[in-house]
Amino acid sequence: MDSIIITRELLGAGPTALGDAKGIVLSCPSRSAERQVQQELPEELIDALDQVDEEGR
């Protein structure tokens, strides 16, 4: 979060600065593990809900 705020300040306070800053920070190669977790979590939640639903039938 701090990285996004600092990057936004460096970009200026324009109307798209926050979105641009988020894109810059989250697309950084050093954040690849974090991106992978963020992509996998919803899939794992959906799988868990499907399993609970199947067990309830």
Side-chain angles (χ1 to χ4, degrees):
M1 187 65 160
D2 291 338
S3 298
I4 294 171
I5 292 169
I6 291 168
T7 304
R8 185 195 72 168
E9 291 298 319
L10 292 171
L11 292 173
T16 62
L18 182 59
D20 293 344
K22 181 179 174 185
I24 290 168
V25 170
L26 295 180
S27 67
C28 179
S30 65
R31 299 221 180 238
S32 62
E34 185 178 332
R35 275 193 310 276
Q36 184 177 355
V37 168
Q38 288 178 348
Q39 292 171 349
E40 291 174 357
L41 180 61
E43 294 171 6
E44 291 174 5
L45 290 172
I46 290 170
D47 290 343
L49 288 172
D50 287 344
Q51 185 177 6
V52 169
D53 186 43
E54 288 176 6
E55 291 174 357
R57 292 183 186 177

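Residues: numbered from 1 along the sequence shown. The analysis underlying the following values was restricted to heavy atoms, covering all of them including side chains, and did not include hydrogens, waters or symmetry mates. Bear in mind that the values here come from a model prediction, so they are computed numbers and not experimental data.
- Atom CD of residue Glu55 and atom CD of residue Gln51 lie 4.5 Å apart, to the nearest 0.5 angstrom.
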If you look only at distance, which donor and acceptor atoms sit under 3.5 Å apart when one is on a side chain in residues 4-24 and the other is two or more places apart or in another chain?
residue : atom : partner : partner atom : Å
Thr7    : OG1  : Ser3    : O            : 2.7
Thr16   : OG1  : Asp20   : OD2          : 3.1

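- Between the side chains of Glu40 and Gln36, at least one donor-acceptor pair of N or O atoms lies under 3.5 Å.
- The CD1 atom of Ile46 sits 10.0 Å away from the CG atom of Leu41 when rounded to the nearest 0.5 Å.
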